[in-house]
Amino acid sequence: MNLEKLLADRLAPAFSAVAGAPVDPILRRSQHADYQCDAALSLARRLGRRPRDIAAEVLGRVELADLCSAVAVSGPGFLNLTVADSALGTLLSTAAADTRLGVAPSAATETVVVDYSSPNVAKEMHVGHLRGTVIGDATVRLLEWRGHHVIKANHLGDWGTPFGMLIEHLLDLGESEAADELSVGDLDSFYKAARAKFDADDAFRARARRRVVALQRGDELTLRLWRLLVAESEKYFLTVYDQLGVLLTERDFRGESYYNDRLAPVTDELDRLGLLQESGDAACVFPTGFTGRDGQPLPIIVRKRDGGYGYGATDLAAIRHRTQDLGATRLLYVVGLPQRQHFELVYAVARQAGWLSPPARAEHLGFGSILGSDGRMLRSRTGDSIKLVGLLDEAVTRAAELARQKNPDLSATEVADVARAVGIGAIKYADLSTDRNKDYVFDWQRMLSLDGNTAPYLQYAHARIRSIFRRAGIERFTPAPITVGHPAEHALALELAGFGAVVASVEQTLQFHRLAGYLHTLATTFSGFYEACPVLRAEDAVRDSRLALCDLTARVLRQGLYLLGIATPDRM
RNA sequence: GCGCCCGUAGCUCAGCGGAUAGAGCAGGGGACUUCUAAUCCCAAGGCCGCAGGUUCGAAUCCUGCCGGGCGCACCA
């Protein structure tokens with residue numbers, strides 16, 4: 001169901017014939033027609049001809065009679081295309097009969113690793129983990145739907161110097177008490193207590209340092225305690241993921257420690273390649289083209305002065321593993337924007353070492369911060385970071401109030417289901433509906449609003465369509481052929497026919513706000529259609545066709561929201 | 001000092017080198033014996049941070065400023 005591609009595939013040869021070379025027929029939606037083609041304008045200079053003449057010649061050659069009811073040269077040389085109702089009807093009838101809604105899997109599927117979420121063991125998940133987890137989840141859903149082999153990599157912070165103090169604190173508390181504290185999700189106070197002792201108590205600090213050494217040496221007792229910390233934390237993270245409704249499971253934890261055995265080989269290989277340099281008693285790689293303060297070259301610290309490996313080494317080992325062992329060709333890192341430079345360095349080193357060569361490539365999917373209404377990073381009144389579970393609970397509570405207030409007919413269980421879908425959906429949608437590079441302002445009022453570009457609005461649009469079928473007493477609907485006639489039907493059909501193009505585009509750019517924007521436009525266009533075109537009150541074939549349009553709209557909304565990780569209740 | 005991100009309507013944001021810069025919210029006006037008004041329709045609202053440049057054409061590309069945020073060696 002990629003109408004845009006159908007049109008482009010007809011225009012391209014006509015343009016190529018006129019230009020004598022391959023031409024991209026720059027096609028886009030238009031206010032002046034259904035689609036406009038801008039290629040003649042950009043071609044004018046190259047061909048030394050007037051753009052309107054080029055457009056006219058293309059118009060003479062292009063074969064569009066079956067797809068368009070009108071094609072005309074307009075303005076300085078645009079080609080305005082009006083899609084034929086008959087073509088829309090055929091296209092949508094086919095899509096409606098397809099479980100994939102006419103969106104085929106990607107032509108070139110590949111193995112993709114998505115590195116995201118990545119909380120730290122024995123540390124609370126806070127709002128800072130929200131965006132990474134939500135964007136990563138949407139990335140996984142979309143790429144999987146397009147048929148790629150997607151490997152979820154939850155790069156857990158499960159190794160490093162903090163574990164000395166955490167293990168010593170665990171010993172102070174006693175194993176079972178510590179496990180209790182962690183399993184109920186009180187990670188924050190556990191970590192803070194350890195930290196406080198580390199900062200205040202010299203003897204504790206000394207113990208913690210010895211413990212780190214024991215851990216790195218592979219001391220059995222120490223490792224057992226470390227595993228206890230990791231296991232309890234993972235258990236807790238899984239409850240958060242469950243509440244958030246993301247696809248991450250226990251199989252996706254791939255902590256930093258996973259790469260421990262590979263750090264020495266990676267370092268040796270960098271050395272053999274002549275990339276490793278001693279600098280200030282540390283073993284570093286200085287990729288070309290990066291400078292920091294005072295114009296000094298920027299290093300990736302592979303091995304620290306104390307002999308331990310830096311996180312750069314772990315990141316390099318992970319890249320090598322992902323491309324060489326897992327056979328991945330697309331490496332995605334859903335990590336906050338502040339770490340941009342770090343990843344640029346890592347990718348540069350990996351390329352120089354030959355672990356990241358075409359077609360394999362890495363991409364940092366950075367994202368901005370979540371801000372409070374004061375325009376500063378979202379924090380609690382006391383200035384602490386906000387616990388993610390608290391935020392999610394509040395979303396569900398607020399949504400439950402809303403559901404009870406708006407629809408008193410719902411049963412208690414229905415309210416609970418709707419509240420979860422709407423509350424969690426609202427948070428995710430607020431995140432995914434704006435450009436991920438930008439910071440965004442967290443605002444309960446706005447994200448839970450029933451109108452505007454929000455999850456509740458889209459969920460309502462979906463539920464409203466489902467209610468049409470309930471009212472009609474239709475349990476399982478078999479789509480009838482779709483016939484497009486009324487202008488509002490035409491507008492809706494045109495939107496529906498654009499779903500495939502949006503999905504294909506987001507597959508490349510991973511700009512989920514485009515998908516969100518598409519769904520919002522689809523929902524408002526549907527509302528216009530529903531306002532203008534009677535459905536159940538229409539007669540026979542028209543009624544069946546309109547029901548099919550309704551059904552297809554509901555399914556596209558449902559699938560689109562699913563790709564964003566958002567649930568669509570049948571009733572609201 | 002070097003680098004990255006951001007600056008578009010009162011607010012929150014779209015805008016992929018092309019026609020008169022678009023939505024939503026708030027504020028103004030209208031439409032309920034309803035196919036769920038949790039909706040829809042109408043009007044209003046803009047030196048696209050500033051200044052140059054490239055181009056037939058710039059919110060979009062380039063350069064330089066201004067403003068906000070964030071990085072820049074042994075934490076991840």
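In what follows, every chain begins at residue 1, and chains take the letters A, B, ... in the order their sequences are listed.
- Between B:rG46 and B:rC13, the two C1' atoms lie 15 Å apart (nearest whole Å).
- Within the shown strands, nothing qualifies as a pairing partner of B:rG46 under the Watson-Crick or G-U definition with both distances less than 3.5 Å.
- Atom name C1', nucleotides B:rG45 and B:rA26: the rounded distance is 12 Å, in whole Å.
- Spacing of P atoms, B:rG52 relative to B:rA58, comes out at 14 Å, to the nearest Å.
- Listed pair A:R29 / B:rG15 fails the phosphate criterion, with no side-chain N or O lying under 4.0 Å from OP1 or OP2.
- Between A:K438 and B:rG69 there is no side-chain N or O to OP1 or OP2 distance below 4.0 Å.
- Side-chain nitrogen and oxygen atoms of A:R471 include at least one within less than 4.0 Å of the OP1 or OP2 phosphate oxygen of B:rU36.
- Close to B:rU36, at under 4.0 Å from its OP1 or OP2, lies no side-chain N or O of A:K406.
- Salt-bridge annotation for A:D34 and A:R29: absent, with no side-chain N of the basic residue lying under 4.0 Å from a carboxylate O of the acidic one.
- For B:rA38, its base never sits under 3.5 Å from the side chain of A:S449 at any donor and acceptor pair.
- Stacking of the aromatic ring of A:Y457 onto the base of B:rA38 is not found under the criterion of centres within 5.5 Å and planes under 30°.
- Scanning all heavy atoms of the two residues, the minimum distance from A:R322 to A:Y333 falls at NH1-OH, 3.4 Å.
- Rounded to whole Å, the P atom of B:rC47 lies 23 Å from the corresponding atom of B:rG53.
- For B:rG18, the OP1/OP2 oxygens have a side-chain nitrogen or oxygen of A:R28 closer than 4.0 Å.
- Put simply, A:Q36 has no side-chain N or O that comes within less than 4.0 Å of OP1 or OP2 on B:rG18.
- Under the Watson-Crick or G-U wobble criterion, with both distances below 3.5 Å, B:rU60 has no partner in any strand shown.
- Not a single donor-acceptor pair, N or O on each side, falls under 3.5 Å between the base of B:rA73 and the side chain of A:D281.
- For B:rU20, neither phosphate oxygen OP1 nor OP2 lies less than 4.0 angstrom from any side-chain nitrogen or oxygen of A:H32.
- For the C1' atom pair drawn from B:rA59 and B:rG22, the interatomic distance equals 12 Å after rounding to whole Å.
- Spacing between B:rU8 and B:rA14 at atom P, rounded to whole Å, works out to 10 Å.
- A:T524 contributes no side-chain N or O that forms a donor-acceptor pair with the base of B:rA23 under 3.5 Å.
- No close placement of the A:H32 and A:F78 rings is indicated, their centers lying 6.0 Å or farther apart.
- Taking a pair to require two hydrogen-bonding distances under 3.5 Å in either a Watson-Crick or a G-U wobble arrangement, B:rG7 pairs with B:rC66.
- Heavy-atom distances to RNA chain B give each of A:Q31 and A:D439 a nearest nucleotide, and the one nearer the 5′ end belongs to A:D439.
- The pairing partner recorded for B:rU12 is B:rA23, the criterion being a Watson-Crick or G-U wobble arrangement whose two distances lie under 3.5 angstrom.
- Minimum heavy-atom separation, A:D570 to A:R470: O-NH1, 3.2 Å.
- With a cut-off of 3.5 Å on both pairing distances, B:rC32 has no Watson-Crick or G-U wobble partner at all.
- Side-chain contact between A:R436 and A:H513 is absent, with no heavy atoms from C-beta onward closer than 4.5 Å.
- For the pair A:R262 and A:Y259, the cation does not sit on the ring face, since its NZ or CZ is not both under 6.0 Å from the ring centre and inside 45° of the axis.
- Both A:R303 and A:M572 lie close to RNA chain B; mapped to their nearest nucleotides by heavy-atom distance, the more 5′-ward contact belongs to A:M572.
- The base-pairing partner of B:rG71, taking Watson-Crick or G-U wobble contacts with both distances under 3.5 Å, is B:rC2.
- Between the C1' atoms of B:rC40 and B:rU54, the separation comes to 46 Å (whole Å).
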